[in-house]
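The block underneath contains the structure these notes are about, expressed in structure tokens.
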Amino acid sequence: MRMVDLIARKRDGHELSKTEIDFIVQGYTNGTIPDYQMSSFLMAAFFRGMTPTETANMTMAMVASGDTIDLSAIEGIKVDKHSTGGVGDTTTIVLAPLVAAVGVPVAKLSGRGLGHTGGTVDKFEAIPGFQAEISSEQFVRQVNEVKVAVTGPTGNLTPADKKIYALRDVTGTVNSIPLMASSIMSKKIASGSDAIVLDVKVGAGAFMKDLDSAKALAKAMVDIGNNVGRHTMAVISDMNQPLGYAIGNALEVKEAIDTLRGEGPEDLHELCLTLGSHMVYLAKQASSVSEARSKLEEAISSGRALETFKAFIAAQGGDASIVDDPSKLPVAAYRIEVKAKEAGYVSEIVADSIGTAAMILGAGRATKESEIDLSVGLMLYKKIGDEVKPGDTLVTIHSNRETVDDVIESIYESYTIASGKVERPVLVHAEIH
Ligand code: URA
Ligand code: CA
């Protein structure tokens, strides 16, 4: 087999076989296929697309390129949740203890990664004492005992995806539905869960800017999962503004605690109940999605969700008293209010640029080497549809430096204030099965 022939076949719109796709993925991973040929293939796939069979084969070839996690020592149906992008997305911190509280085993492998705020692991590390680097024995034992554990990057999962994604990033081939779907799903499948709930974001701050493309990405991922025996569904949720009020690591932990107490922001609360009820249903801990939702509501109102969060924090060496006293979380030295200059209604908060504002404060990593400041971030006081008057606080900056003109500028850039009334956005646009 020659790579040049496979590139030409893809260029001409033919379907490649499993053997051919294995050849490409293995060859690129082990270095026998050079960057220039792989780039050319990716661009051909970008324009020609890939069939569902090719996409599933691409996914499984990337899974086979590295280690896979075996969660079979954990009792019950393990359900994972994945959100495609999004800013200040606190859902994982809420959902892990929330669904665990109704009996769903949560075995969460999470990255640190680059981005506006830290990854899930960084956020949990805002809890004093919390240890994310736990042994695989503890991980399994803890999920069996308290139903939830979170661990940092383990093993060498999907090295093919790492290499291909890095190449796509510099060759204009990120935004291809089959390439994105196989990239995301390869990582989910390698992490070993039995079922997967996807939260596909749509809007200005997301990979997918319009509902049709978000639905197409969701469908491609759902088909891959179901084709390879992992029960998968997707919820399409709005990302025309960040979810909740908090963007930043400790601030999001505090927001998650409020939400687990039933006192969180409306949109975050609603999305967690929606995603959570599908997780509970796929884990067969309820006989319908609406029964699952009632169970989650009960876990919040009875305090069981918070108790589970405490047990989970304590099991990983963290100080569980932060749940009753969040002032023990890292706190930034300065609070600076950003005020509205004009009257009107908030019509847009570009999640990307407000996320960048949080990142330049130090809440996220610009490069792999950057250190995260867990205490800093932003609290949004006005969201889409809210009325504002000049002088009203839009955002409070939590900072460890006194001068934050660059951050303030990014915040003003991300907010659009319209003169007339603005509807609040729909939060959940569709479900894809
Ligand atoms: N996230 C991924 O992991 N892969 C993609 O291709 C796009 C987003
Ligand atoms: Ca948030």
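Just follow the structure's listing: the first ligand is 1, and inside any ligand the first atom is 1. Every heavy atom of this structure was used, including side-chain atoms; hydrogens, water molecules and symmetry mates were not.
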Problem - Candidate pair Q241 and E348, rule side-chain hydrogen bond (donor to acceptor under 3.5 Å, both in side chains), full reasoning - result: CA-CA 7 Å; Q241 62 180 345; E348 190 178 27; over 6 Å; no
Exercise for the section: Starting from the C-alpha separation in whole Å, work towards a yes-or-no answer on salt bridge (charged side-chain N to carboxylate O under 4.0 Å, His left out) for D80 and K78. Expected result: CA-CA 7 Å; D80 201 357; K78 279 73 70 184; over 6 Å; no
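Residues meeting the salt bridge (Lys or Arg N to Asp or Glu O under 4.0 Å) test with D373, sequence neighbours left out: none. Every residue two or more places apart in sequence or in another chain was checked for a ring pair (Phe, Tyr, Trp, His ring centres under 6.0 Å) with Y28, and none qualifies. The ring pair (Phe, Tyr, Trp, His ring centres under 6.0 Å) test applied to F124 returns F130, F312, not counting sequence neighbours.
Protein neighbours of ligand 1 below 4.0 Å, counting non-hydrogen atoms: Y165, R168, M180, S183, I184, K187, F207.
The shortest non-hydrogen separation linking A44 to K10 is CB-CG, 3.7 Å.
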